Amino acid sequence: MQYRHSGNSGVQLPVLSLGLWHNFGGIDSYDVARDMVHTAFDRGICHFDLANNYGPPPGSAETNFGRIMREGLCSHRDEMFIASKAGHDMWPGVYGTGSSRKNLIASCDQSLRRTGLDYFDVFYSHRYDPSTPVEETMQALADIVRQGKALYAGISKYPADKQQEAYDILREAHVPCLLSQYRCSMFDLKARRENFDVAVAEGSGIVCFSPLAQGLLTGKYSDGIPADSRAARESGFLKVSQVTAERIETAKKLDEIAKNRHQTLAQMALAWVLADRRVTSVIIGTSSVAQLLSNIDTLQNLDFSDDELALIDDIIKSPTLSFS
């Protein structure tokens with residue numbers, strides 16, 4: 001495994017991290033989830049990314065991860081970097097969503113109980129909430145750190161102006177933002193243009209999620225929508241309407257480049273995100289140990305020639321490919 005520093009901090013993360021957004025909830029196989037976590041850790045992936053609403057049902061991914069820790073990994077806690085987040089819909093009523101102090105602190109407490117952990121390594125504000133002042137949200141994160149419930153604070157999906165405001169408030173509170181999470185893939189370039197430089201200038205590491213565009217950059221949808229795919233699942237984030245003919249054809253063109261690099265399309269898509277040295281780590285979401293190991297094999301070829309990068313840029317330049 002390769003590791004990169006998180007911004008200006010001393011914290012190093014593996015370039016590939018395991019996310020528990022999908023395939024680790026109550027509707028999924030616990031045995032498969034356990035095997036994926038163990039395999040990831042054995043291969044040097046020590047960063048595990050959770051959120052309070054991951055499942056389904058919401059909270060079940062944290063519960064399952066806590067069980068995995070208790071049943072085999074608890075003695076390795078100090079070798080692991082575990083993240084969680086709050087801000088999206090979690091429980092009924094006005095306090096079960098958003099980025100208020102009320103929601104973030106209650107959510108952090110609940111997440112610690114579900115996982116059975118004493119603390120998170122980083123706790124994120126999962127989204128910018130326009131109904132809550134950024135100052136309130138950041139003060140809650142700072143207090144979570146001061147209370148020992150997390151070692152570091154992070155933000156996720158903040159627009160550039162609010163991102164800068166968050167950094168300023170956290171720095172003033174002497175709890176600098178360790179990590180900033182953004183969606184990034186060859187089908188989603190917005191964060192590269194608008195957010196990465198802001199993070200780098202402020203010394204925050206960058207963690208990218210959805211590097212495979214919810215499976216569109218794997219070749220899975222070349223011949224239609226498979227029954228076991230995310231687009232076919234009622235609980236899936238990818239919608240059938242997003243599996244457009246243009247995206248499918250673009251993925252096929254990119255796959256030809258990947259074959260010439262002796263990689264799968266998914267491996268090249270991961271390598272492409274990591275080719276941006278501003279990126280600290282990329283979160284992978286896998287449904288099997290075999291898929292996990294294939295993603296890890298990406299590390300065998302992370303280098304691109306100038307010609308390859310130029311060709312990829314030309315293929316993905318259409319604005320209608322973007323999810324943003």
Side-chain angles (χ1 to χ4, degrees), residues 3-21 41 45-52 54 62 65-66 69 76-87 99 101 103-128 134-158 162-182 191 195-196 198-209 278-283:
Y3 300 84
R4 294 180 182 176
H5 276 91
S6 303
N8 292 342
S9 80
V11 173
Q12 296 184 62
L13 296 183
V15 293
L16 297 178
S17 301
L18 185 62
L20 283 75
W21 182 12
F41 185 67
I45 295 178
C46 51
H47 177 210
F48 298 91
D49 184 79
L50 294 154
N52 64 339
Y54 287 176
E62 288 183 328
F65 184 78
M69 289 293 294
H76 297 283
R77 174 64 183 95
D78 291 340
E79 302 168 56
M80 306 171 77
F81 196 91
I82 302 170
S84 195
K85 320 177 199 73
S99 301
R101 178 182 180 86
N103 178 261
L104 261 63
I105 291 180
S107 294
C108 183
D109 289 344
Q110 291 179 18
S111 292
L112 288 171
R113 287 195 292 270
R114 279 190 291 269
T115 58
L117 300 174
D118 295 324
Y119 66 92
F120 291 112
D121 292 283
V122 62
F123 194 78
Y124 291 88
S125 168
H126 204 169
R127 67 179 177 105
Y128 166 63
V134 174
E135 183 177 8
E136 177 181 343
T137 304
M138 294 305 109
Q139 187 60 58
L141 288 180
D143 288 344
I144 285 170
V145 170
R146 290 195 181 98
Q147 292 165 5
K149 297 173 183 178
L151 301 184
Y152 300 95
I155 61 171
S156 177
K157 306 192 296 282
Y158 273 54
K162 301 302 178 182
Q163 176 189 6
Q164 184 65 62
E165 186 178 351
Y167 292 156
D168 292 343
I169 295 168
L170 287 173
R171 188 187 311 105
E172 186 175 346
H174 302 290
V175 182
C177 182
L178 179 75
L179 294 167
S180 304
Q181 275 202 14
Y182 286 98
N195 305 104
F196 282 18
V198 181
V200 170
E202 295 295 327
S204 176
I206 298 169
V207 175
C208 296
F209 63 91
R278 295 173 296 180
V279 174
T280 306
S281 184
V282 173
I283 295 174

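Note that the structure is a prediction, hence the values are computed from the model and not measured.
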Evaluation steps, side-chain contact (heavy atoms from CB on, under 4.5 Å), between V145 and Y152
CA-CA 6 Å; V145 170; Y152 300 95; 5.6 Å; no
Any chance you could lay out the side-chain contact (heavy atoms from CB on, under 4.5 Å) test for C208 and F196, step after step, and finish with the verdict?
CA-CA 10 Å; C208 296; F196 282 18; 3.7 Å; yes
Check against side-chain contact (heavy atoms from CB on, under 4.5 Å), R101 and Q139:
CA-CA 8 Å; R101 178 182 180 86; Q139 187 60 58; 4.3 Å; yes
Output, in order, the C-alpha distance, side-chain angles, deciding distance and verdict of side-chain contact (heavy atoms from CB on, under 4.5 Å) for C46 and E79.
CA-CA 7 Å; C46 51; E79 302 168 56; 5.9 Å; no
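Here the closest non-hydrogen pair linking G148 and Y119 is O-CB, 3.5 Å. The minimum heavy-atom distance between F123 and A86, with the atom names listed, is CZ-CB, 3.8 Å. Smallest separation of non-hydrogen atoms from Q164 and V198: OE1-CG1, 3.5 Å.
How far OG of S281 is from NE2 of H47: 6.5 Å, rounded to the nearest 0.5 Å. The CG atom of L50 sits 8.0 Å away from the OG atom of S111 when rounded to the nearest 0.5 Å. Atom CG of L141 is separated from atom CD of E136 by 11.0 Å, given to the nearest 0.5 angstrom. Taken from CD1 in I105 to CD in Q110, the straight-line distance is 12.5 Å, to the nearest 0.5 Å. Rounded to the nearest 0.5 angstrom, T137 OG1 and K162 NZ are separated by 10.5 Å. The line from CD1 of I206 to OG of S180 is 7.0 Å long, rounded to the nearest 0.5 Å.
A heavy-atom distance below 4.5 Å is not found between the side chains of D49 and L18. The shortest distance between side-chain heavy atoms of Y54 and K85 falls below 4.5 Å. The shortest distance between side-chain heavy atoms of W21 and I283 does not fall below 4.5 Å. Two residues are said to be in side-chain contact when any heavy atoms from C-beta on lie closer than 4.5 Å; L112 and D118 fail this criterion. Considering only heavy atoms from C-beta on, L117 comes within 4.5 Å of I82 through its side chain. Annotation: side chain of Y124 is in contact with side chain of L179 (closest heavy-atom distance under 4.5 Å). Counting heavy atoms from C-beta on, the side chains of L151 and F120 never come closer than 4.5 Å. The side-chain heavy atoms of I155 and M138, taken from C-beta on, include a pair separated by under 4.5 Å.
A donor-acceptor pair under 3.5 Å is formed between the side chain of K157 and the backbone N or O of H126. Between the side chain of S107 and the backbone N or O of N52 there is no donor-acceptor pair closer than 3.5 Å.
No salt bridge links D143 with K149; every basic N to acidic carboxylate O contact stays at or beyond 4.0 Å. One finds a salt bridge joining R77 and D121 here, because a Lys/Arg side-chain nitrogen approaches an Asp/Glu carboxylate oxygen to under 4.0 Å.
Inspection of the S125 and Y158 side chains reveals an N or O donor paired with an N or O acceptor under 3.5 Å. For T115 and E62, the side-chain atoms include no donor-acceptor pair closer than 3.5 Å. A donor and an acceptor atom, one from each side chain of S6 and T280, are nowhere located under 3.5 Å apart.
Q147 CD: more than 12 foreign heavy atoms inside a 6.0 Å radius.
Proximity of the aromatic rings of F65 and F48 is defined here by a centroid distance below 6.0 angstrom, and this criterion is met.
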